[in-house]
Amino acid sequence: DAKTTQPPSMDCAEGRAANLPCNHSTISGNEYVYWYRQIHSQGPQYIIHGLKNNETNEMASLIITEDRKSSTLILPHATLRDTAVYYCIVSYNNNDMRFGAGTRLTVKP
Amino acid sequence: DGGITQSPKYLFRKEGQNVTLSCEQNLNHDAMYWYRQDPGQGLRLIYYSQIVNDFQKGDIAEGYSVSREKKESFPLTVTSAQKNPTAFYLCASSIDPSGGNQPQHFGDGTRLSIL
């Protein structure tokens, strides 16, 4: 079973920031938080990951709370091409990646 | 360009037949993985391999078999023992199978259907 809880769906206006929440209240000290997304009929695409500190790359920012029990993925300026299912995963190694149902983000014009 | 290639993109199988899905990577990654995805659901791990000539069962290995004779190749056979094989199959690889600081990279999947 997935160790995370995500809302099943969210909408966002094009050009606005998309903030996708994830709860992982049972996360262990050595587990990373990963975010992937999957556009229909394609393989998942890696977005970003982190352990304790906030992270930023060219795609997104990851904000992890101080107690590490939740995180937020931020897409700063959402476009229509960001419409996808977003998966939040906690894992300490790649043999234990649990993909739940994710959040279906719809970016609207 | 480096990446993971899965073939074919669509595959049809008659009941009672075995079928093999191909997965090749040129990323020089040590670890490779096979997942199954059913409609509207997340991914479930079938098998994984951390090094050549070694592989481990995942959560739903029954009815499937794999081999890892070469670092770049990790084919998956869906056997006739798999009672509900219709699904989207995804292959992935990662640099370091044991460390938690390396993401997995995925292919674009093979969609298997039963005739």
Side-chain angles (χ1 to χ4, degrees), chain A residues 1-9 22 24 27-53 55 57-60 62 64 68 71 73 84-104 106, chain B residues 3-7 9-10 21 23 25 27 29-51 54-61 74 87-113:
Chain A
D1 291 339
K3 303 175 189 175
T4 61
T5 304
Q6 299 178 252
S9 64
C22 180
H24 31 81
I27 192 170
S28 301
N30 60 351
E31 288 184 313
Y32 287 79
V33 180
Y34 283 85
W35 283 85
Y36 287 79
R37 72 181 183 184
Q38 186 176 25
I39 295 169
H40 184 62
S41 295
Q42 296 182 20
Q45 176 190 23
Y46 164 76
I47 301 173
I48 198 167
H49 73 287
L51 185 62
K52 287 190 255 188
N53 299 323
E55 302 287 345
N57 63 21
E58 65 278 4
M59 289 182 69
L62 172 61
I64 302 174
R68 300 185 72 236
S71 60
L73 178 75
V85 177
Y86 287 77
Y87 298 101
C88 170
I89 300 155
V90 295
S91 175
Y92 73 96
N93 70 31
N94 274 307
N95 304 329
D96 188 38
M97 302 284 276
R98 293 286 185 266
F99 286 77
T103 295
R104 181 172 299 278
T106 302
Chain B
I4 299 175
T5 302
Q6 290 189 244
S7 61
K9 192 170 178 66
Y10 299 94
L21 283 61
C23 178
Q25 54 99 359
L27 300 167
H29 285 175
D30 287 316
M32 297 187 73
Y33 311 83
W34 274 106
Y35 293 89
R36 169 183 171 135
Q37 186 174 34
D38 292 289
Q41 306 206 7
L43 282 65
R44 292 184 289 168
L45 183 64
I46 304 173
Y47 268 99
Y48 64 95
S49 168
Q50 295 180 307
I51 57 172
D54 185 56
F55 47 83
Q56 307 295 328
K57 292 182 179 180
D59 297 326
I60 55 165
F74 191 40
F88 189 43
Y89 290 89
L90 288 154
C91 179
S93 70
S94 66
I95 294 175
D96 178 0
S98 59
N101 196 26
Q102 299 294 338
Q104 293 186 16
H105 298 264
F106 284 82
D108 277 337
T110 292
R111 194 167 297 278
L112 175 64
S113 300

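In what follows, chains carry the letters A, B, and so on, assigned in the order in which the sequence lines appear, proteins first and then strands, with residues in each chain numbered from 1.
Interface remark: of the candidates A/E31, A/R104, A/Q38, A/Q38 forms the most heavy-atom pairs closer than 4.5 Å to chain B. Comparing A/G43, A/S41, A/P44 by how many heavy-atom pairs each has under 4.5 Å with chain B, the most go to A/P44.
Using a 4.5 Å cut-off between heavy atoms, B/Q41 touches chain A through its backbone atoms (N, CA, C, O) alone. Heavy atoms of B/R111 lying under 4.5 Å from chain A belong exclusively to its side chain. The part of B/Q37 that comes within reach of chain A is its side chain, from C-beta onward, which places non-hydrogen atoms under 4.5 angstrom from that chain. Of the atoms belonging to B/L45, it is side-chain heavy atoms, and not backbone ones, that fall under 4.5 Å from chain A.
Remark: the backbone N or O of B/P103 is not paired with any side-chain donor or acceptor of A/Y36 at under 3.5 angstrom.
What you find for B/G40 and A/A101 is that their closest heavy atoms are O-CB, 4.4 Å.
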Yes or no on side-chain contact (heavy atoms from CB on, under 4.5 Å) for B/D59 and A/R98, after CA distance, side-chain angles and deciding distance?
CA-CA 10 Å; B/D59 297 326; A/R98 293 286 185 266; 3.2 Å; yes
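Below 30°, between 30° and 60°, or above 60°: for B/Y35 and A/F99 the angle between ring planes is above 60°, a perpendicular geometry.
Rounding to the nearest 0.5 angstrom, the gap separating the OH atom in A/Y46 from the NE2 atom in B/H105 is 8.0 Å. Within the model, atoms CD of B/Q104 and NE2 of A/H49 stand 12.0 Å from one another, a figure rounded to the nearest 0.5 Å.
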